[in-house]
2 protein chains.
Amino acid sequence: MLNQSAVLDRVFHALADPSRRAMVDRLSRGTASVSELAEPLRMSLPAVVQHLQVLQDSGLVTSQKVGRVRTCRLDPEALTQVEGWIAQRKRTWESRLDRLGHFLEEQ
Amino acid sequence: MLNQSAVLDRVFHALADPSRRAMVDRLSRGTASVSELAEPLRMSLPAVVQHLQVLQDSGLVTSQKVGRVRTCRLDPEALTQVEGWIAQRKRTWESRLDRLGHFLEEQ
DNA sequence: CGATTGGTTAAGCATGTACTTAAGTATTGC
DNA sequence: GCAATACTTAAGTACATGCTTAACCAATCG
C-alpha cells in the first residue's frame, strides 16, 4: 500500500505538464487509443507513451491492450484524492479566518 | 496576464513536492516566518528559501519583509483554480457515464 | 560597538525530466 | 505472404530540480 504523500507527489507531478493535462482532458470525454491521445500533440509517439506511463504510475489512467490497440481510460479516484487534499487546506485556512473574525468582533 | 495553463503548470508543480505541501499545510493554519517554515523540515535554510520561491512563483504564497523577518501567507486563490480544473474534468467524466447509462437503458 | 539573529546570494553537483531518433515487435488488411 | 498499422524499446541529449556549503548583509540585542 503506497503511502498518501507518495500518491500526491505522483498525481500533482503528472498534472504539472500541459501535454499530460491535455491527455487527461481528452480521457475525461471518453476512452482513447495511444495514437488518438497523440494526435493533437506536437511530439513523437514515444514521447506520448512516456507521458502515458507517468499518468499510469500516478493512478490517473489505466489501459489495456486488445490486438494491437491499447485503450486508455481515466480513473477519477486519483483526482478525488488531490481534490480532497486541496479542499482540506482551504477549509483550515477559512476556519482560521472565521476564528479571527469572531475574535475581532469581541474586542 | 499569465495564461491559465502556465498558472496550472506552476501550481501543480509547486504542490508535487512533499516539503512544499508541508509548507502550504503550515500556512493554512496561519502566517509564518521563513525560519518557522524551515523548523520542521530537515534541510538547510537556503533550500527552504528556494522552495518558498517556487510557491511564490506559483501564486500560492505571498510574503513581505518587516525588519529582518519575512512573513509568509497562503493565497488560496491559486488552490481554487486547480480545484476548479479538477472538478471540471470529473464533471465531464461523470456526465459521459450518465449519457452512457441512459443509452444502455434505452436499448 | 560588537555579537547574534534572520535571511539572502552564489556556485556547484547529482539526479530527474522531456524530449529525440533508430530499430524492433506484434496485429491486421489486401 | 507482404505491407501497413499501432505501438514498444533503447539509447542519447539538453535542460531543470533539489539539494549542499560558503560567504554575505542588514536589523536587533546587550
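For the numbers below, each heavy atom of this structure counts, side chains included, while hydrogens, waters and symmetry mates do not. Chain letters run A, B, ... following the sequence lines, proteins first, then strands; residues in each count from 1.
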Next on the checklist: I'd like to know if A:Leu41 and A:Val54 are part of one continuous hydrophobic network [Ile/Leu/Val/Met/Phe/Trp/Tyr, side-chain heavy atoms within less than 4.5 Å].
Outcome noted: no

Next on the checklist: Is there a continuous path of hydrophobic side-chain contacts, each under 4.5 Å between heavy atoms, that joins A:Val69 to A:Leu74?
Outcome noted: no

Rounded off to whole Å, could you give me the [atom1]-to-[atom2] distance for the [X] and [N] pair?
X	N	atom1	atom2	answer
A:Leu52	D:dA6	CG	C1'	13 Å
B:Gln64	D:dA27	CD	P	16 Å
B:Leu15	D:dT17	CG	C1'	16 Å
A:Glu39	D:dC7	CD	C1'	16 Å

Mind listing the N/O atom pairs, protein and nucleotides 26-30 of chain C, below 3.5 Å?
from	atom 1	to	atom 2	distance (Å)
C:dT27	O2	A:Arg68	NH1	2.8

Next on the checklist: Can you tell me if A:Ser33 touches the phosphate of D:dC7, counting only side-chain N or O atoms and a distance under 4.0 Å to OP1 or OP2?
Outcome noted: yes

Check [X] against [Y] and note the closest heavy-atom contact, atom names and distance.
X	Y	result
B:Leu45	B:Val34	CD1-CG1, 4.1 Å
A:Ala14	A:Arg20	O-NE, 2.8 Å
B:Arg96	A:Thr31	NH2-N, 4.2 Å
A:Leu37	A:Arg26	CD2-CG, 3.8 Å
B:Ser19	B:Met43	OG-CE, 3.4 Å

Checklist entry - Can you give one letter per nucleotide of nucleotides 9-21 of chain C, 5' to 3': B if a protein heavy atom sits under 4.0 Å from the base, S if only from the sugar-phosphate, - if neither? => result B-------SSBBB

Checklist entry - Using the ring of each side chain (for Trp, its six-membered ring), is A:Phe12 parallel, tilted or perpendicular to A:Trp85, with breaks at 30° and 60°? => result perpendicular

